[in-house]
Every structure is written in C-alpha cells, then in structure tokens.
Amino acid sequence: MISIQKPNAAGSGDLPHDDDPPFDLPEAPKAARQDDKNSPSISARAVAAARGQPTYLDGLNPEQRDAVETTEGPLLVLAGAGTGKTRVLTTRIAHILATGRAYPSQILAVTFTNKAAREMRERIGTLIGGTLEGMQWLGTFHSIGVKILRRHVELVGLKPGFTILDDDDQVRLLKQVLEANGVDKDRWPARQLANQIDGWKNRGLTPDKVPEGEAYNFAAGKGALLYAAYQARLKDLNACDFGDLLLECIRLFRDHPDVLADYHRRFRYILVDEYQDTNVAQYLWLRLLAKGSPNICCVGDDDQSIYGWRGAEVDNILRFEKDFPGAKVIRLERNYRSTANILAAASGLIAKNDGRLGKTLFTDGAAGSKVTVANFWDDEAEARAIGESIERLKRKNERLNDMAVLVRASSQMRAIEDRFITLGLPYRVIGGPRFYERQEIKDAIAYLDVVANPANDLKFERIVNVPKRALGDTTVKRVHELARARAIPLYQAAREIVETDELTPRARKSLFDLTRSFERWRANLEHMRHTDLAEQILDESGYTAMWQADKSPQSQTRLENLKELVRFMHDFDTLQGFLEHVSLVMDAEQGSDGDRVSLMTLHGAKGLEFGIVFLPGWEEGLFPHQRSMDESGKAGLEEERRLAYVGITRAKRLAKISFAQNRRTHGLYQSALPSRFVDELPVATVEVVESETPFGGRPDPFGYGGGFGQSRFDRPGSSEPFRSTYNTPGWQRAQQSWSSGSKQDKKKRSRGPLTLEGELVAASTANAPSFKTGSRVRHEKFGDGTVTNVDGNKLTIEFDDGEIKRVVASFVDLI
DNA sequence: TATCGCGTCCTTTTT
DNA sequence: GGACGCGATA
C-alpha cells in the first residue's frame, strides 16, 4: 500500500478527506461484474426490482442503458443533441457506485465548466437519493489540475499557496516581460502574445517545444524566448496561469512515474464530458491518467464542436477508437427534445459537413411546426419582429422563460435589447460580463489578495493607484526597479522605498500611507471576521468612496456588487478559502427571478434548451462569420455550420430563423446576403413566412435588393412596392427621435397586433413610483434624464446625452 | 499626474 | 457605434 504524498498544508482545505478511503479496501463485489456486457434478463431485473435496487435504470432506452452498464473498457458515447447525455453520464456514475464497483473517491469525472460539474453532482445525488459525498475528483479539468498540483507542490517547482493568474494578471505580466526584453509593445501587443502562449499551452507545448516556424510569428523570432521568460517570471512570482494547471500536471506525471502510479491506483473509472471540446493538453493529461485503467468513458458530439478557435481538437473524438484500442462506441440518436421538423432541419444542415462520425437523430414525437425563415429589411425591423412575435406568443400563454434569442455575435444584442426595453419585455442576458469579471469586483479582490498574500505583485500593481492617489507610472516604475534589483516583491519594495528620498514627497507620503494601511489590515487578519475586514478595507482604502463620488449611471450597481461580494464571502470560513475559490471558479449564479426572455450568443446556448428559439442574423459574413472563414477556411466554415446546428437543436417546439437585407455593422449601414445556411436547410422542413410585422421588408422591386434574387425565399410575384415608407432606414431613424403621442406613433401601435400594454400597466402600477413630467430618473443603461411625457406606464425621457427615448417605467428609478 | 481627444480595432470565451 | 490605448496638454 503506497500512500499518496501528503498534501501540503497550505491551501489544502480538503486535507482531512483526501486519503480516504484507503486504496486497499476489499475488492468491489465481483458478482456485479458478470452482467457488464449483457443487459440482465427481464427476470433478473424483476428480481433486482423486488429487492428494491436499480430504480435509476428505469426509463433508459436500450442504448442509454448499454452506455450506463458498459462499465469496463474504453467507451465512447456519441450523444447527439438532446439525447440524454447528462442523464447517461450521471446514471453511469450512480451505477458504478451502487454496484460497488468503486468508491466515490475512485472515480475521476471531468467537465469543462463549473456549472456542468455542479449539475452533475446534484443529479447524481438525486439518483442515489441524498447528497453525493466523497466525490472529490468530480470537477473541471482545471480544478482537478490545481488539486493535483497542490498535493505535489514542491515537485513542480512551486511553493505552497501559489496563485493562479487571471486574464488581466497574465497580460500585465506579459507587458513587463515585453518591456524587459526590449520589444516594442505597440507593434507586438501583450494581448496577442498572451493568446499565442495560451495557444501553445493548449497544444501542450512548453517553450522548448515550440515549433521553430511559429516562434517567428511573434516579435521577429522572439516568441519562444518571451514564452520562456514569462514562465520564469511566473516561477519567481510563485504563480501559474490556467494553461499551466494542466501542463505542470503533465510534466509532473512524466517526471515522476511514482506519483502517476498512485493516481493510476486511485482512479478506477474515468469519465469525460464534452469530449469534443478537449484540447491537446487535456488529451495528453487524460491519456496519462487513463494508462492505469482501461475504464475511460468519454461522452461527446462531434457535431457540437464549436470551440476550435480556443484550441479544441475535434480530432480527439474522431480518433478515439485508435487511441483506445478495443473501444466500444455507442450512439445515442433518439432525441427527446425537439419535434421531427426541427430535428430534420438541423440534421439536413449538418449533413453538409465532411469529416463527421455520423449520427442520425430521430424522434418518436410529433412532426411539429416547420422551422420558419423570415427576411427583414434591416436589423431593427428584425428586432421589432422578434419583439412582437414574443408578445404574441406570450398572449398565447407561452412563458418568456421558455424563449430565447440566440445571436452569433454580441454586437447583435444591442438592437434587440433596445427593442425589449422599449416594449417593456423582461429579458436577461446570459453570458455577459460575469460577476467576477467586473472591474469593481476585480479591484476589491485585488485588495484582499494583497492583504492575504503580500507577494502578489500583479494584484498590488492593479490597485496601487486605485482610487487615484497620485502614484503614477513614474512612481510605480521606481518601485519596480528597486524590487527587481533586490529580487523582492513589489509590496516590500514599496515599504522600503518610502524610507528613502527617491520619490517625490507627495508620492512618498501617499505610498507610505498605503503600505501602512496594508499593515493594519494584515494585522487584523488574525482576529477579525474576514467579511468585516473586507468592509474595513473597502472603506479605508477609499475604494467605496471612489464609486460613491462617481456620477456615472453604473456606479450604484457597482456599489451593490461590492455589497454582494461581501455577502458572498460569508459562505467561506476564511479569506484564504474565499480567494482560492475565486481564482478558479469565476462564476456566481445570477438571479433567475421572474419570467424573462433569454438573450445570448450561440456559444453560450450550448447545453441549454428552450421551447421557442429565435435565430436572427443569418447573413453571409455574420453567420458564417467572415473572419472564421478567412482564418480557418473550410474548417472554419464547418465549425460555423456546427454552430448553426447547435442553434437549431436548442429548440423544442419552434425555431425561427431570420436574416436582414441591411445591417448596421461597425457603425455602417451595409447590405447583406442571406446566409448560405438558410439555403442548406432541407426545403421540406422549412416554412418561409411573410414578415410578421407591417414593417417587415420584402425584396426591393426597384433594384435595391438586386443581390438577393437568388434565394429561393424570394418569391417572384409576391413582391410589392413598399406599402409605406415605414421600412426605409430614414423612417426608422426618424422614429427614434419621436416623442410619444405623435400621429405616426399611434398609428404604428394600432396597426400591429395588440401589444402587452394592458398587462404591463396592470403589472407595474402595483408598486409604481409616481413619475411626472419633469421627474429626474435614472436608467441602468441609458443614464440619467428628465421625463418629458407620461403615457400610462410608458415614459418619454430626454436623457442627458440628448437622446430621447420611450421607456417602460419599470426600467427606470426616480433620483 | 490626470485628463481629454483622437485614431484604431472590431467573433465566439472557459478556466 | 463604442471601447480602448496612446500622446498631447493643463
């Protein structure tokens, strides 16, 4: 019995449980293994059922069941969209546990996101009845990577309590590296180098392994050298970036076979979610770990591989059978999510891709409605139509929660959001800047980090002059020089430099005060609750005051976010524990209150499902995106097509595709061609719809739309001249500046289908503040303004930037 | 040192 | 259209 090297004390919160159960526990019951390959007979199941056993297998279809019960040997589960992938994965784990094949701590289960890990944990818990305990190796690639590294810190050349750099830190550090190596940081931006290095790390390349040709991509051949210098700096700082969490593990496993052997003994079963998204480093990591046990089960869908641009290798999944000889492949093709028409549309589209493993989704369900395709004059008309369509559906008792608008690029969101705001349609944006990525949260965390860990130079640099305290570049540079010369952390250098007269008196005083504050806070670390300390730090540093003094409309939200942060810290026992969580789990559940339409990118929609899905912006250049095609050619186009496939398959009942003839891009009004994907949809599954609003554009008979004639969605004969001037761009521009009550506005409202106004008035008068002409109000997005007209629950507001907008009252606050 | 105005660039994004 | 970064200026 070999015991795993004791984890290092610092930063290992999970220490007490870490080594149990011991590895030499009695073998799991052998009898249970006999039915591995063949499903138990009906009578055997009846017997089992009588003993009250595997209810978790109920309701699985034969393929799913096969995937659950084939526990031994390599297994690839090709799970099409909506075929019960997560169910198989979680049931499989429950099965392994229930049949005593392994203890929870002997199962390695990897996901990509914390959310997926969390969900899996919960669902397994439900299956086995209760909370899942002891599955310490269920997590993301990165969180498991850190866990392994923390247990063997000294072997990888790090010290206990090493820090994990976030994006900002990484770029800040690279800037220094560039400067130190005399690289012109205008010509060679740090951001670009960061991407380059991430790319190398994704492919498992250490500085010495970077192909010579590629090393020349950056700064005239200095690429690999800068990469090496960056790694050296990381070691100095006792830090690593996300890529290192895997690379260092790989190095550890290769250099220390004994350590790897320990993990081999430990992990009897390995499960991997979303295998099509793994990159080379993750693949190598898995390969090394899987050498100990053939029981590796990867679940994925080559048709949903949409992260090639960040290093995912579809090839990993395509190659699975070669990599793991004797592998069994199970296809899950029975779809439980979408109607037959939606499935057929998606399948027809994805069939245009080469190099697939190939699956044919089917359903026993109804044919359902055809996928609709509509064409609009421009992006604003498209947004208007979506808004009206949603209102109409809502009146038919559809829940907003069950609808989503999926866009290719976030720049498409603005037009749609604007429309929703005007209509008063509640919506939520998914995947916007997340909580921990917000400036104020990062700043606050930087303060806390420096208190807990004075050697964290990058965080110190982040907040040294935030709020402004007269410590500009020149001062920081001096501190840097001293730190470098003496090989000490910046913070210590700051403390020493204030003892000299190297700085201007003003800077010296200011820096002295700052270091003294940090000393004070650090002294309080011992005897104060970390939440109280956080409040003290935010107050005394002047950080809260900085936002209180800020007059921008978002400052209030920022202050609330800070409060939320402190509230969230209560969930942790120590500051250290909190910081550890934050560095890895940049993720906080956002409130999902109320009935709201979801708005997100197609990438963000992966794994989700909605009854009704709107897919706007299907235009050449936007979708497929030009850049994707320019940079990656056919592979890029195929990835875009997979993205389209992902989009359509999110829909359960209704998928509504649309494209605009004109779109505002980069501030320019440009004409666009329908996406080739539109014409690739199988004709039988599609219904071309007339624009659903009076304003929807038709191909322009006077020649403007000349370029659109090829599409089979242009029906000669049905074209009419503009029925009015409403669909001209000029009209729309004019419309923006109208105040309420104008003739056209009334006309517009009465023409269209009834709006939700009645309902909204009813809903919002309950606790509506009383707005009147002249009221000063604040809008989350548009800022402050003055009410110039009140019309029921709709306000016309002249914002301070001169914009006049009509907004539903519930979107603004009195100030 | 802080701030303003100008030029540049524009997918997707998790850890 | 708008975010960001830089250089000139107060």
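Basis for what follows: all heavy atoms, side chains included, without hydrogens, waters or symmetry-related copies. Because the structure is predicted, anything quoted here is derived from the model rather than measured.
For A/D571, the CG atom sits in a packed shell: over 12 heavy atoms of surrounding residues, nucleotides or ligands are nearer than 6.0 Å. Taking a 6.0 Å sphere around CG of A/D630, one finds it holds more than 12 heavy atoms contributed by other residues, nucleotides or ligands.
Remark: ring of A/W309 stacked against base of B/dT12; centroid gap under 5.5 Å, plane tilt under 30°. Both geometric conditions, a ring-centre gap below 5.5 Å and a plane tilt below 30°, are not fulfilled together for A/H142 over the base of B/dT14.
Two residues are said to be in side-chain contact when any heavy atoms from C-beta on lie closer than 4.5 Å; A/V314 and A/D277 fail this criterion. Residues A/R663 and A/Q670 are not in side-chain contact: their nearest non-hydrogen atoms beyond the backbone lie 4.5 Å or more apart. Two residues are said to be in side-chain contact when any heavy atoms from C-beta on lie closer than 4.5 Å; A/E274 and A/V299 fail this criterion.
Checked against B/dT11, B/dT15, B/dT14, the side chain of A/R310 finds its nearest nucleotide in B/dT14. Checking B/dT13, B/dC10, B/dT15 against every side-chain atom of A/T140, the shortest atom distance belongs to B/dT15. The nucleotide whose nearest atom lies closest to any side-chain atom of A/K468 is, among C/dG2, B/dA2, B/dC10, B/dA2. Checking B/dT15, C/dG1, B/dT13 against every side-chain atom of A/N114, the shortest atom distance belongs to B/dT15. Of all nucleotides listed (C/dG2, B/dT12, B/dC10), B/dC10 comes nearest to the side chain of A/H666.
Proximity of A/T601 to the phosphate of B/dT13: a side-chain N or O atom is located under 4.0 Å from OP1 or OP2. Close to B/dT15, at under 4.0 Å from its OP1 or OP2, lies no side-chain N or O of A/N202. The side chain of A/S410 places an N or O atom within less than 4.0 Å of a non-bridging phosphate oxygen (OP1 or OP2) of B/dT12.
Using a 4.0 Å heavy-atom distance criterion, A/E640 is classed as a base contact. Residue contacts for A/S628: at a heavy-atom cut-off of 4.0 Å it reaches a base atom on one of the strands shown. If you check every strand for non-hydrogen atoms under 4.0 Å, A/Q282 touches nothing. A/R408 comes within contact range of at least one nucleobase, with a heavy-atom separation under 4.0 Å. Among the protein residues, A/T665 comes within range of no part of the nucleic acid, since none of its heavy atoms lies under 4.0 Å from any strand.
What separates CG of A/D550 from P of B/dT3 is a distance of 12 Å, to the nearest Å. When the P atom of B/dC10 is taken as reference, atom CD of A/E631 falls 9 Å away, rounded to whole Å. Here the P atom of nucleotide C/dG1 and the OH atom of A/Y669 are 13 Å apart, to the nearest Å. One can place CG of A/N195 at 13 Å from P of B/dT11, the figure rounded to the nearest angstrom. Atom CG in A/L622 sits about 16 Å away from atom P in B/dC10, given to the nearest Å. Separating the CG atom of A/D277 from the P atom of B/dT15 is a distance of 12 Å, rounded to the nearest angstrom. Between the CZ atom of A/F141 and the P atom of B/dT14 there is a distance of 16 Å, rounded to whole Å. Rounding to whole angstrom units, CD of residue A/E437 and C1' of B/dT15 are separated by 10 Å.
If you check the side chains of A/E619 and A/S675, you find no donor sitting under 3.5 Å from an acceptor.
Along DNA chain B, the nucleotide closest to A/L245 and the one closest to A/H603 are compared, and the more 5′ of them pairs with A/H603. Along DNA chain B, the nucleotide closest to A/S411 and the one closest to A/D473 are compared, and the more 5′ of them pairs with A/D473.
Side chain A/R627 to base B/dT12: no donor-acceptor pair is found below 3.5 Å.
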